[in-house]
*Asks:* 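Below is a structure I'd like to ask you about.
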Amino acid sequence: MLRKDYLVRMLEEMTEMIGKVFGLKQQRKWIEALWELDELYKNLFRLNSRLLGSLSAKDIVEMMRTGGTVESDKLQSLARLMKEEADVLTASGQREEGILRARKALHLYLAAYTHGADPGIWKLHGEVSELLERLKGFELPEDTERLLMTYEESRGNYDLAENALYRLLESGAARREEGIAFYTRLLAQGPDKLEQGGLPKEEVREGLEAWLARIDSASAGIDENRPSGE
């Protein structure tokens, strides 16, 4: 009950402050907007913008862990603030810093969902879609890409999950067994579900064959280029 009351108060305070930040953005008062967000970080999470900028997304997730469990709704609330900060930074001309904040916000949203966050609190799916659109053309960190693959698969977007898998392959981060496991899970699904997810069963079978051929070829290339004696 105490946790629920805390969450309600936090959401109310955040909603009020985000409205205030929106007004400051309309007036192009970027510094004041960033100050307000920094105060909210301190009041609600005992963090600040500078610290969040220096920590990795994985480290931030770990900071939201209590007694071995990630406080998923608290984590997605932090993600919401970081997305807001990314908006302000980008609008004020600090595009590179805005992209970095947006990447972290995306990771936090995906991690929160993986740990059981209620997607209705901050319209998580819509927030993820907005961040993906904003980050189009920018490479995602390996850990974030894997979370995205899991997220899309869990939502039945199998074609998008496959896209994430291949981006991992192209970046050299993919593992042979994770591709096999992915296609094996899909082959266990019914044909209608696969069709709805953008990957008919025949394409899944072909995808598994293509995956094995592609990753084995890549592995062979690495071995051929390795100096003798290693």
*Asks:* State whether R167 and E170 are salt-bridged, where the test is any N-O pair (Lys NZ or Arg NE/NH1/NH2 against Asp/Glu carboxylate O) under 4.0 Å.
*Replies:* no
*Asks:* Under a 3.5 Å distance rule, please check whether D73 uses its side chain to pair with a backbone N or O of D118 as donor and acceptor.
*Replies:* yes
*Asks:* Under 3.5 Å, side chain of Q27 to main-chain N/O of G23, donor-acceptor pair present?
*Replies:* yes
*Asks:* Grab the two heavy atoms, one from A86 and one from A102, that are nearest each other, plus how far apart they are.
*Replies:* CB-N, 3.7 Å
*Asks:* Which residues pass the side chain to side chain contact (heavy atoms under 4.5 Å, CB included) test with L194, sequence neighbours left out?
*Replies:* Y158, L186, Q189, K201, V204
*Asks:* Measure the spacing between CZ of F45 and CD of E71 and express it to the nearest 0.5 Å.
*Replies:* 10.0 Å
*Asks:* Is the backbone N or O of R176 less than 3.5 Å from a side-chain atom of W211, with the two atoms forming a donor-acceptor pair by type?
*Replies:* yes
*Asks:* If you take the centroid of each ring, where Trp contributes its six-membered ring, are Y109 and W122 closer together than 6.0 Å?
*Replies:* no
*Asks:* Would a distance-only check, ignoring hydrogens and angles, find a side-chain to backbone donor-acceptor pair under 3.5 Å from D59 to L55?
*Replies:* no
*Asks:* Would a distance-only check, ignoring hydrogens and angles, find a side-chain to backbone donor-acceptor pair under 3.5 Å from S154 to Y151?
*Replies:* yes
*Asks:* Does this structure show an ion pair linking K20 with E16, if we count only N-O contacts that are shorter than 4.0 Å?
*Replies:* no
*Asks:* Answer yes when E202 and R205 have at least one side-chain N-carboxylate O distance shorter than 4.0 Å, and no when they do not.
*Replies:* yes
*Asks:* Mind listing the closest non-hydrogen atom pair of P119 and H125 along with its distance?
*Replies:* CB-NE2, 3.7 Å
*Asks:* Charged N to carboxylate O below 4.0 Å: is that the case for E62 and R65?
*Replies:* yes
*Asks:* Checking D38 side chain against S49 main chain: does a donor-acceptor pair fall under 3.5 Å?
*Replies:* yes
*Asks:* Please list all pairs passing the salt bridge (Lys or Arg N to Asp or Glu O under 4.0 Å) test where one or both residues lie in residues 96-116, with sequence neighbours left out.
*Replies:* E85-R101, E97-R101
